[in-house]
Colleague: 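I'd like to ask you about the structure that follows.
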Amino acid sequence: MRSQDIRKHFLEFFKSKNHSIVPSAPMVIKDDPTLMFTNAGMNQFKEFFLGNGTPVNSRVTDTQKCLRVSGKHNDLEEVGKDTYHHTMFEMLGNWSFGDYFKKEAIEWAWELLTEVYKIDKEILYVSVFEGNEEEEIPVDGEALELWKKIVPEDRIIFGNKKDNFWEMGDQGPCGPSSEIHVDLRSEEEKAKIPGRELVNQDHPLVVEIWNLVFIQFNRKADGSLEKLPAQHVDTGMGFERLCMVLQGVKSNYDTDVFTPLIKEIEKITGSTYGKNEETDIAIRVIADHVRAVAFAIADGQLPGSTGAGYVIRRILRRAIRYGFTFLNQKEAFVYKLVDTLSKQMGEAFPELRAQQNLCENVIREEENSFLRTLDQGLILLDQIMQETPDKKVSGKKAFELYDTFGFPIDLTALILGEKGYSLDQKEFEEELQKQKDRSRSASKVISGDWQEVNAGETEGFVGYDTLEAEVKILRYRKVKSKKEGELYQLVFDKTPFYPEGGGQVGDKGVLESESGEVIYITDTRKENNLIIHLSKDLPQDLSGTFKAVVNAARRARTAANHSATHLLHQALRNVLGTHVEQKGSMVQSDYLRFDFSHFSKVTAEEIQEIEDFVNTRIAHKLPLVENREMTYEEAINDGAIALFGEKYGDKVRAIRFGDSIELCGGTHVGNTADIWHFKIISEGAVASGIRRIEAITSEAAKDYFVSQTEVYSEIRAVLKNPKDPVKAVMNLQDENTELKKQVEALLKDKAKNLKGDLKNEIKEINGVNFLAKKVDLDAGGIKDLSFQLGDETDNLFLIFGTEQNGKALLSCYISKELAAEKDLHAGKIVKELGKFIQGGGGGQPFYATAGGKNPAGINEALQNAEKYIK
RNA sequence: GGGGGAUUAGCUCAGCUGGCUAGAGCGUUUGGCUGGCAGCCAAAAGGUCAUCGGUUCGACUCCGAUAUUCUCCA
């Protein structure tokens with residue numbers, strides 16, 4: 001069965017059991033601070049488990065693209081070494097939100113595997129949670145009884161808390177799980193060791209394929225469990241593993257999910273899969289990683305140096321590294337695989353096809369830049385080896401190479417090994433750990449339990465139409481972090497405060513109690529679909545009704561910037577072409593930032609055209625037309641622009657100004673006239689194929705023009721109001737360089753004369769050409785003069801003194817030969833003479849200077865100089 | 001968000017613990033030689049040593065801040 005059909009059959013099966021098929025959520029998570037990537041099928045439904053939202057259908061099924069790069073069962077560094085771990089994978093799942101529970105979940109899972117996919121019942125094992133005495137959780141007897149009806153008891157295994165009790169995190173919904181395992185070993189192997197002894201033992205051919213989680217508890221901050229009012233089912237089946245089972249192969253990489261990629265890698269790199277273990281690992285690493293990276297980029301996540309972008313960069317660099325070392329790829333090649341991937345998976349995931357061009361460009365650029373890093377690192381490593389005669393390279397050195405210059409540690413170890421050097425791995429690990437501890441303590445967040453104040457559900461955001469509302473506090477908690485200190489997070493029954501999202505910053509404002517107490521709301525965010533208000537303090541009395549008031553001026557400026565962002569988007573597509581796609585935006589009160597795909601610099605003329613386009617629409621006073629109750633399809637049919645990598649609900653909000661229609665949850669002005677004016681202040685690149693425009697509107701634009709005008713008039717005033725200021729400045733510059741040249745020539749002339757005069761004053765004393773004199777030159781001039789005289793006269797001993805800005809300066813020059821011959825040291829001499837001018841000094845044997853605060857002593861110092869050659 | 005590094009000629013970079021009058025290669029210009037594949041030889045031009053401040057007799061070098069950039073960690 002082809003992988004495409006395996007996926008289809010799964011979804012169809014649950015559709016026949018009254019489940020709605022929903023699309024995969026984006027792999028990159030945008031508005032959940034606790035998670036960077038979707039790492040399990042349940043992520044997009046988290047809000048339903050937490051009770052923060054209600055699903056349209058209580059039965060849902062999907063295939064979810066997931067990314068795992070850390071965690072108990074998957075470390076990035078392990079992927080590729082075996083045949084069954086991945087960074088990016090698909091998770092097939094079926095879900096019940098307070099609907100069916102263990103009975104149906106278990107029976108349907110068995111039916112699908114054995115009757116639809118026709119997997120031999122004899123090779124399947126199931127596990128049931130054995131209970132945990134410490135936490136007083138009983139054995140999952142319910143699941144056990146259900147399984148007993150289907151499976152012979154000798155194929156039911158009891159699992160401990162680690163394997164069979166599922167938790168989302170330290171806090172939140174959790175519950176026991178039942179896993180289905182499959183034994184793919186040969187008959188001989190099975191005869192030697194029974195399959196049930198290998199379940200959960202990390203055997204590559206005895207693997208878990210489906211995990212059925214029964215969510216029935218909530219874990220509180222103190223570690224205790226409470227029963228949930230509604231019970232849920234959350235299942236996940238690894239798509240790639242299922243394909244392995246159904247296609248009768250022994251490795252995920254032998255399924256048709258991976259074979260096209262592997263063939264292409266063989267072709268590009270001229271290597272063969274299946275002959276050499278090192279080569280195989282490299283090929284698997286690349287095949288796996290290119291999927292993860294391409295999907296992430298298609299979801300809008302570019303490789304970068306922070307957060308999710310950094311994870312993507314690391315994955316891609318690992319692929320490059322393996323290609324570099326084991327497949328001898330010294331030039332960019334990973335990007336060439338995107339085409340194959342897009343052909344193969346573009347049907348199930350159309351974003352891949354749409355973003356193919358971008359994916360290729362971004363990956364190629366990233367490859368080139370990393371190959372440069374590697375080159376640089378190789379040179380540095382060579383240097384380290386030269387500086388290490390005992391051939392024992394310290395972990396500190398290797399860490400520096402890794403930490404500061406980005407040179408991978410495994411490459412360091414490999415090269416050192418080849419050259420017969422050893423590496424202190426332990427010290428390296430220690431250094432790494434230190435760095436981790438530093439970072440962790442800097443970003444640690446401690447959150448307390450939610451304290452309920454008023455019961456009830458929250459209505460959510462009501463601030464499209466109003467900036468003020470009478471609200472009640474539903475719950476609050478205290479959060480402590482190094483960055484922000486102690487803060488309170490408050491949840492209201494409804495709120496006019498816009499939470500940070502869709503690129504727009506969260507609102508600020510105040511909360512007024514009936515008694516007149518005022519609490520400042522410093523920011524508003526969204527977590528698991530819950531709107532959270534941040535404040536430094538809590539009101540004295542939490543129970544009453546409060547007036548929540550948004551900072552209106554700030555919101556108005558933000559709204560102007562957000563609406564301008566839409567017009568800018570439209571302008572870009574008009575002026576530059578429809579290949580322009582939004583790749584990110586940041587809408588604040590004082591400026592806006594817009595990233596978009598475009599492959600060349602936007603010219604000054606185009607910038608002008610874009611500004612004009614937007615300002616024309618501002619001048620046309622286009623009213624806001626808002627539709628909050630459209631379906632996604634209706635909006636798209638109307639011509640609305642949706643964003644890749646964005647998760648849309650079943651009802652969307654469309655924002656329209658004239659011909660600009662976008663799906664958007666942000667706040668906007670009522671009429672484009674409220675934007676006043678739009679001005680681009682910068683344009684530049686953020687990544688290959690991605691450009692960034694920064695712009696300002698309304699008051700900020702006014703301020704900009706005012707300050708620019710001020711600077712301009714100041715310049716004019718300084719230049720005495722010339723007709724053409726630009727020409728005036730250019731004249732000044734020309735004149736300046738001309739004068740500089742003249743001064744230089746004059747000074748040279750002067751020095752020449754002075755030099756001639758001084759030369760005549762040189763006296764021979766004891767075979768040494770000696771001169772001690774006060775001159776009127778600065779430190780640089782004296783040095784110049786000294787060396788010039790030194791070039792022309794042998795056996796020279798010079799002492800110059802000068803007064804500069806009320807301070808005394810002495811300098812001493814001694815011909816090199818003379819210094820060596822007579823054992824003279826200018827530095828020592830000048831130090832001794834320095835006491836006459838109340839100062840100190842030093843330098844080399846042949847030239848030294850001293851400074852002091854007593855210019856009156858210069859003459860005395862000069863008189864004393866002669867004794868050094870007597 | 002936290003740490004580390006870098007910023008020197010048009011380009012790629014040296015310049016060690018403060019003091020050799022800031023250098024090299026490539027490139028540019030000029031002159032000479034030469035029948036090519038990076039032609040050869042000679043000479044010259046080209047630098048606010050990122051910016052600002054501090055320490056010092058003296059700062060490219062040490063310290064602090066800023067900007068830009070690379071990199072690791074979260």
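Within every chain, numbering begins at 1; the chains are lettered A, B, ... in the order of the sequence lines, protein sequences first and strands thereafter. As a basis for the values below, the full set of heavy atoms in this structure was taken, side chains included, without hydrogen atoms, waters or symmetry mates. Note that the structure is predicted; figures quoted are calculated from it, not measured.
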Colleague: Give me the distances for all protein-to-nucleotides 56-66 of chain B N/O pairs that come in under 3.5 Å?
Modeller:
{"from": "B:rC57", "atom 1": "O4'", "to": "A:Gly840", "atom 2": "O", "distance (Å)": "2.9"}
{"from": "B:rC57", "atom 1": "O4'", "to": "A:Gly851", "atom 2": "N", "distance (Å)": "3.1"}
{"from": "B:rC57", "atom 1": "N1", "to": "A:Gly840", "atom 2": "O", "distance (Å)": "3.4"}
{"from": "B:rC57", "atom 1": "O2", "to": "A:Thr849", "atom 2": "O", "distance (Å)": "3.0"}
{"from": "B:rC57", "atom 1": "O2", "to": "A:Thr849", "atom 2": "OG1", "distance (Å)": "3.0"}
{"from": "B:rC57", "atom 1": "N3", "to": "A:Gly842", "atom 2": "N", "distance (Å)": "3.4"}

Colleague: In whole angstrom, give the distance that lies between atom CD of A:Glu431 and atom P of B:rG3.
Modeller: 16 Å
Colleague: Check whether any side-chain N or O of A:Ser585 sits under 3.5 Å from a backbone N or O of A:Phe594 as a donor-acceptor pair, and report yes or no.
Modeller: no
Colleague: Taking atom C1' in both B:rU30 and B:rG46, what distance in whole Å separates the two?
Modeller: 14 Å
Colleague: From NZ of A:Lys436 over to C1' of B:rG1, roughly how many Å is that when rounded to an integer?
Modeller: 17 Å
Colleague: How many whole angstroms separate atom NZ of A:Lys831 from atom C1' of B:rG19?
Modeller: 12 Å
Colleague: Is the backbone N or O of A:Lys536 less than 3.5 Å from a side-chain atom of A:Glu486, with the two atoms forming a donor-acceptor pair by type?
Modeller: no
Colleague: Please report the distance, rounded to the nearest Å, between CG in A:Asp523 and P in B:rG1.
Modeller: 14 Å
Colleague: Donor-acceptor check, side chain of A:Ser394 to backbone of A:Lys397, threshold 3.5 angstrom: yes or no?
Modeller: yes
Colleague: To the nearest angstrom, how far is A:Leu432 atom CG from B:rG3 atom P?
Modeller: 17 Å
Colleague: Test for a donor-acceptor pair under 3.5 Å between the base of B:rG2 and the side chain of A:Gln435, counting only N and O atoms.
Modeller: yes
Colleague: Charged N to carboxylate O under 4.0 angstrom, A:Arg372 versus A:Glu366?
Modeller: no
Colleague: Between A:Lys526 and A:Glu500, is there a salt bridge with N-O shorter than 4.0 Å?
Modeller: no
Colleague: Would A:Lys583 and A:Phe596 count as a cation-pi pair here, with the cationic atom under 6.0 angstrom from the ring centre and within 45° of the axis?
Modeller: no
Colleague: Show each protein N/O and nucleotides 12-17 of chain B N/O combination with a separation under 3.5 Å, one pair to a line.
Modeller:
none

Colleague: Measure NZ/A:Lys434 against P/B:rG4 and give the value in whole Å, please.
Modeller: 13 Å
Colleague: Could you work out the separation of B:rC62 and B:rU56 based on their C1' atoms and round it to a whole Å?
Modeller: 10 Å
Colleague: Is the gap between the ring centers of A:Tyr847 and A:Phe787 under 6.0 Å?
Modeller: yes
Colleague: Can A:Glu832 and A:Tyr868 be counted as having a side-chain donor-acceptor contact under 3.5 angstrom?
Modeller: yes
Colleague: Distance check, rounded to the nearest 0.5 Å: A:Leu76 atom CG versus A:Asp288 atom CG?
Modeller: 8.5 Å
Colleague: Could you check A:Asp523 against A:Lys508 for salt bridge (charged side-chain N to carboxylate O under 4.0 Å, His left out), going step by step and ending with a plain yes or no?
Modeller: CA-CA 5 Å; A:Asp523 200 1; A:Lys508 293 184 186 194; over 6 Å; no
Colleague: Sub-3.5 Å donor-acceptor pair from the side chain of A:Glu694 to the main-chain atoms of A:Ile680, do we have one?
Modeller: no
Colleague: Taking atom C1' in both B:rG19 and B:rU61, compute the distance separating them and give it to the nearest angstrom.
Modeller: 11 Å
Colleague: Side-chain polar contacts of residues 854-863 of chain A - donor-acceptor pairs under 3.5 angstrom, sequence neighbours left out - could you list them?
Modeller:
{"from": "A:Asn854", "atom 1": "OD1", "to": "A:Ala856", "atom 2": "N", "distance (Å)": "3.3"}
{"from": "A:Asn854", "atom 1": "ND2", "to": "A:Phe836", "atom 2": "O", "distance (Å)": "3.3"}

Colleague: Report each atom pair, protein N/O against N/O of nucleotides 68-71 of chain B, whose distance is under 3.5 angstrom.
Modeller:
{"from": "B:rU71", "atom 1": "OP1", "to": "A:Arg317", "atom 2": "NH1", "distance (Å)": "3.4"}
{"from": "B:rU71", "atom 1": "OP1", "to": "A:Arg317", "atom 2": "NH2", "distance (Å)": "2.5"}
{"from": "B:rU71", "atom 1": "OP2", "to": "A:Arg313", "atom 2": "NH1", "distance (Å)": "3.2"}
{"from": "B:rU71", "atom 1": "O2'", "to": "A:Tyr402", "atom 2": "O", "distance (Å)": "3.4"}
{"from": "B:rU71", "atom 1": "O2'", "to": "A:Asp403", "atom 2": "O", "distance (Å)": "2.5"}
{"from": "B:rU71", "atom 1": "O2'", "to": "A:Gly406", "atom 2": "N", "distance (Å)": "3.2"}

Colleague: In plain terms, say whether A:Lys434 and A:Glu431 are close enough for a salt bridge, that is, a side-chain N and a carboxylate O under 4.0 Å apart.
Modeller: yes
Colleague: Can we call the ring centroids of A:Phe407 and A:Tyr402 under 6.0 Å apart?
Modeller: no
Colleague: Quote, to the nearest angstrom, the P distance that separates B:rC63 from B:rA6.
Modeller: 10 Å
Colleague: Atom pairs, N/O to N/O, protein against nucleotides 21-24 of chain B, distance under 3.5 Å?
Modeller:
{"from": "B:rU21", "atom 1": "O2", "to": "A:Asp784", "atom 2": "OD1", "distance (Å)": "3.1"}
{"from": "B:rU21", "atom 1": "O4", "to": "A:Asp791", "atom 2": "OD2", "distance (Å)": "2.9"}

Colleague: Do the charged groups of A:Glu430 and A:Lys426 touch, with an N to O distance under 4.0 Å?
Modeller: yes
Colleague: C1' atom, B:rG27 versus B:rG10: distance in rounded Å?
Modeller: 7 Å
Colleague: Once you round it to whole Å, what is the distance between P of B:rC72 and NZ of A:Lys396?
Modeller: 21 Å
Colleague: Between B:rA24 and B:rA9, how far is it from one P atom to the other, in whole Å?
Modeller: 14 Å
Colleague: Tell me: CZ of A:Phe399 to P of B:rG5, nearest whole Å?
Modeller: 12 Å
Colleague: So, is the end of the A:Lys330 side chain (NZ or CZ) under 6.0 Å from the ring centre of A:Phe324 and within 45° of the ring's axis?
Modeller: yes
Colleague: Say you pick atom C1' in B:rC52 and the same atom in B:rU7; how far apart are they, in whole Å?
Modeller: 15 Å
Colleague: Considering only atom P, compute the distance from B:rG4 to B:rC20 and round it to an integer number of Å.
Modeller: 30 Å
Colleague: With Watson-Crick and G-U wobble geometry limited to distances under 3.5 Å, how should the secondary structure of RNA chain B be encoded in dot-bracket form, using | for bases paired to another strand and [ ] for crossing pairs?
Modeller: (((((((..((((.....[...)))).((((((.....)))))).....(((((..]....)))))))))))).
Colleague: Does A:Arg318 pair with A:Glu77 as a salt bridge, N-O distance under 4.0 Å?
Modeller: yes
